[in-house]
Undergrad: 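Below is a structure I'd like to ask you about.
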Amino acid sequence: LNYSGFKSLGALTWQLVALLGAQTLAVSDKPAAAYTKLVFARPIIEAEAIVVAEAKWVNSDDDYVLLSLGSVSEVFTETTLTGAEAGWFILSSKRVTADTPIIAPGRRHLLFLREVQNPDLVKRFSLAQSAILYEPCKGWESAVILDFSIKSLASKLLKEKYGINDERDFLVAVDEFCRWRNLKSRNEQLSHLLNLLNKWKQSLFFVENIVPLIRTLGGQAIEVDGRYMLSETSSEIQ
Amino acid sequence: MRRSIVWLLCCALPASVFGSGAQVNVCSVPQITPDKPTICAGGSQQFEAKPTGGSPFPPNAPKWSMTVLSSSCAGTLQLTPDTGTLTTFSSPGSFCGEVEIVATCDTSSSKTTVQVVTVEVNPAAPTIDGVDSGNFSISVTPSTVTVSSYNWQWTAPSGAGNSPQVTFSSNTGSITTAVNSRWFALPDDRVQASTSCRYTVNCEVSIGTTKCTDPNPLQWTVYVPDPAAQTIWPEIMGMPTIDVRVVNGANEWYVVDIGSLHRRAPVVVPFIPMTSQFYNKIVTVHEGRHVTQFTTAVPGLTVHTLWDHAELYNNVLRTMTSTVNDQDLRDRIREQIDTQNAIDNADAQSQRPLAELDAHTISNGVPPHYLEPF
């Protein structure tokens with residue numbers, strides 16, 4: 001693998017990719033644009049559990065890999081994994097396309113999970129009734145391999161676009177993105193995110209994540225004189 | 001006060017009671033035209049009453065009234081003015097049914113009926129570009145109405161690009177479909193056009209000489225799925241051949257040869273039919289380029305070197321053994337294969353921006369020049 005040769009194209013690549021992303025913003029869900037940002041707004045909203053854990057290989061068949069969660073080191077959501085982690089399993093599809101979350105056995109991941117509802121999938125590996133079977137939320141960003149030495153789109157974006165080389169810095173940021181989930185009223189949630197946005201407005205990673213989060217919650221962050229505020233429309237929504 | 005009442009009574013009586021010396025207007029039976037017309041809901045009909053006796057009606061005669069004989073849909077009705085030789089019946093809402101119109105002059109009266117018809121087009125479900133749509137049907141109420149002909153029509157918004165077109169399987173049937181549904185571009189822009197577009201489909205229904213259409217036709221959506229196609233990435237599959245031998249008096253399961261281990265080729269899964277105007281651009285050219293990337297060297301990409309089953313076999317699997325049983329060995333081999341697939345998937349994903357850029361650069365050269373990301 002000639003990765004060094006590939007990396008030498010890095011600057012040009014990101015210029016082209018930025019162009020690609022900017023020009024496709026107006027058209028939603030265009031595949032090409034989806035790979036130019038690491039944005040967690042959708043999985044943060046959809047996830048029933050957001051965990052950092054090691055995925056351990058348990059079994060596999062032609063279609064799926066079954067993994068268990070181990071070494072759970074951090075939980076962002078209100079869900080408590082401690083003591084229950086042995087009963088948690090993740091189903092990972094083997095039919096990988098461009099938007100599939102990728103889980104590597106034996107590696108630590110940031111995972112945005114939702115419970116598997118399909119009873120046929122639950123029965124597939126003859127799990128105990130007490131077992132809880134999860135799958136990653138939709139979108140490639142729902143599973144991030146935390147070993148940045150492994151080539152992945154997330155680590156590439158973090159290092160080359162956002163300038164984040166340290167796993168801890170990344171997790172601290174994601175932790176910040178998720179904390180609004182513990183707030184009850186939407187007013188509080190939007191205020192929290194707006195404060196966070198202004199605190200970290202120099203960070204492209206924060207801006208690209210928090211602005212769509214605010215939008216998903218019904219607000220609209222606009223920048224006026226170097227400071228973000230909620231637009232009038234969003235105030236009415238509040 | 002008393003004088004006023006007397007005057008009103010006097011003037012309200014027919015002129016004939018005051019003797020025959022003067023020219024007076026005598027109420028004769030009104031003749032209403034048109035007789036038994038049909039109108040469309042939301043429309044109106046003017047009625048005229050003519051005296052059958054030849055003499056003109058007295059002032060403020062005849063008087064008009066209406067009665068609903070039957071109704072299938074609720075709505076408001078108006079009959080105005082309620083006196084005079086001319087009146088206009090209107091159904092400004094969605095009323096449908098049969099209404100009796102009566103013209104009365106003194107004790108003489110005559111009547112006719114007006115039938116109010118609603119037409120409602122039921123559009124086909126949203127349809128993928130290049131696919132024949134489901135049924136467009138029409139509901140004409142009251143159902144007792146005899147329809148002499150149907151004429152299906154369509155319009156696209158002004159400014160739409162990519163030559164909007166609806167070809168009906170039948171222009172004149174009570175039910176029709178759209179053949180080879182065609183997506184159009186709105187806005188007419190290579191990049192900004194939405195993946196879905198909406199035609200307005202209506203049907204002109206002839207009932208006698210009356211032609212009715214749906215005043216508020218629903219829109220029919222034609223769309224290009226997003227994504228329109230996917231390429232399932234290669235994968236290391238299969239299993240090396242396993243056998244058992246005795247080593248130091250104990251069974252040992254070991255790998256004999258590469259067996260069925262192989263690299264599965266990429267698979268293109270289209271979500272649009274071959275009849276779609278985008279099939280060549282998206283499925284053949286764009287996804288085809290991804291297949292090329294996975295199988296042949298493309299500048300800037302190394303994905304063709306991933307999922308190397310021979311390398312995995314030689315470096316990892318070839319020397320694996322188990323002293324438990326063959327299933328234990330197979331499980332551990334599958335774990336290694338699944339892990340290698342995941343690592344290679346992650347590597348391939350890291351190359352997606354360039355891979356998409358490369359594929360779009362090529363497919364952008366293929367018409368139709370819409371739904372292009374840059």
Side-chain angles (χ1 to χ4, degrees), chain A residues 1-3 5-6 9 12-14 16-24 26-36 55-62 64-67 92 94-107 140 143-145 147 150-157 161, chain B residues 187 189-195 226-235 237 264 266-269 286 290 297 299-303 305-308 331-332 334-361 371-374:
Chain A
L1 298 177
N2 184 16
Y3 190 64
F6 177 59
L9 289 171
L12 174 63
T13 303
W14 287 117
L16 291 170
V17 162
L19 177 71
L20 191 64
Q23 292 188 328
T24 55
V27 185
S28 66
D29 297 329
K30 277 285 182 291
Y35 307 109
T36 62
K56 294 179 178 173
W57 189 91
V58 176
N59 204 347
S60 71
D61 61 15
D62 289 345
Y64 291 97
V65 181
L66 181 71
L67 304 119
S92 179
K94 280 189 172 182
R95 283 170 59 94
V96 175
T97 65
D99 204 33
T100 306
I102 293 163
I103 302 175
R107 264 69 178 193
W140 67 270
V144 176
I145 300 172
D147 181 348
I150 293 177
K151 290 177 201 165
S152 72
L153 182 53
S155 67
K156 184 179 174 65
L157 287 165
K161 183 177 183 187
Chain B
D189 184 278
R190 206 167 50 81
V191 174
Q192 302 294 333
S194 170
T195 53
D226 188 2
Q230 284 183 333
T231 300
I232 298 175
W233 294 359
E235 178 188 0
M237 297 180 77
R264 178 184 49 72
V267 177
V268 174
V269 180
H286 184 92
H290 285 315
L301 296 173
T302 59
V303 288
T305 65
L306 302 174
W307 305 284
D308 187 336
D331 285 348
R332 290 196 292 114
R334 276 191 290 126
E335 179 177 359
Q336 290 297 327
I337 294 171
D338 292 338
T339 302
Q340 188 62 52
N341 278 328
I343 299 294
D344 287 346
N345 288 337
D347 191 340
Q349 204 174 58
S350 76
Q351 300 183 47
R352 292 308 292 172
L354 264 186
E356 289 298 342
L357 189 63
D358 171 66
H360 279 300
T361 300
L371 305 182
E372 295 174 350
F374 59 90

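As the structure is a computational prediction, the values presented were derived from the model and not from experiment. Throughout, protein chains are lettered first and strands after them, A, B, ... in sequence-line order, and every chain is numbered starting at 1.
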Undergrad: Give the minimum heavy-atom separation between B/Ser350 and A/Lys156, together with the two atoms involved.
TA: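 Closest pair (atom of B/Ser350, atom of A/Lys156, distance): O-CD, 3.1 Å.
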
Undergrad: Can you tell me how far CG of B/Asp344 sits from NZ of A/Lys151, rounded to the nearest 0.5 angstrom?
TA: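 Between A/Lys151 NZ and B/Asp344 CG, I get 9.5 Å after rounding to 0.5 Å.
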
Undergrad: Taking all heavy atoms of A/Ile102 and all of B/Trp233, pick out the closest pair and write down the distance.
TA: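 Nearest pair, atom of A/Ile102 first, then B/Trp233: CD1-CZ3, 4.3 Å.
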
Undergrad: Would you mind checking which part of B/Thr339 comes under 4.5 Å of any heavy atom in chain A, side chain (CB onward), backbone (N, CA, C, O), both or neither?
TA: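 Both the backbone and the side chain of B/Thr339 come within 4.5 Å of chain A.
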
Undergrad: For A/Lys94, give me all partners under salt bridge (Lys or Arg N to Asp or Glu O under 4.0 Å), at least two apart in sequence or on another chain.
TA: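 Expected list: B/Asp338.
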
Undergrad: Output the option from A/Ile103, A/Val96, A/Asp62 having the highest count of non-hydrogen pairs under 4.5 Å with chain B.
TA: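 Option with the top pair count is A/Val96.
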
Undergrad: Which one wins on heavy-atom pair count under 4.5 Å against chain A: B/Val269, B/Asp331, B/Asn341?
TA: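 Maximum pair count with chain A is reached by B/Asp331.
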
Undergrad: Measure the spacing between OG1 of A/Thr97 and CG of B/Asn345 and express it to the nearest 0.5 Å.
TA: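 Reported value, rounded in 0.5 Å steps: 10.0 Å.
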
Undergrad: For B/Gln230, is it the side chain, the backbone, both, or neither that has a heavy atom closer than 4.5 Å to a heavy atom of chain A?
TA: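 Looking at B/Gln230, just its side chain touches chain A.
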
Undergrad: If you compare all heavy atoms of B/Gln349 against all heavy atoms of A/Leu153, which two are closest, and at what distance to 0.1 Å?
TA: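 Closest approach of B/Gln349 to A/Leu153: O-CB, 3.5 Å.
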
Undergrad: Taking it one step at a time, do B/Arg352 and A/Trp140 satisfy side-chain contact (heavy atoms from CB on, under 4.5 Å)?
TA: CA-CA 11 Å; B/Arg352 292 308 292 172; A/Trp140 67 270; over 6 Å; no

Undergrad: Are side-chain heavy atoms of A/Arg95 and B/Val267 found at a separation under 4.5 Å?
TA: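 In short, these two side chains do not touch, never coming nearer than 4.5 Å.
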
Undergrad: Kindly check if the number of other-residue, nucleotide or ligand heavy atoms within 6.0 Å of CZ (B/Arg264) is above 12?
TA: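 Correct, the count exceeds 12.
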
Undergrad: Which atoms of A/Thr100 are under 4.5 Å from chain B, going by heavy atoms: the side chain, the backbone, both sets, or neither?
TA: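 Just its backbone gets close to chain B.
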
Undergrad: Once side chain to side chain contact (heavy atoms under 4.5 Å, CB included) is applied, do any residues pair with A/Ala104, and if so which ones, sequence neighbours excluded?
TA: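 For A/Ala104, the residues satisfying side chain to side chain contact (heavy atoms under 4.5 Å, CB included) (neighbours in sequence not counted) are A/Arg107, A/His109, A/Ile145, B/Ala342, B/Ile343.
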
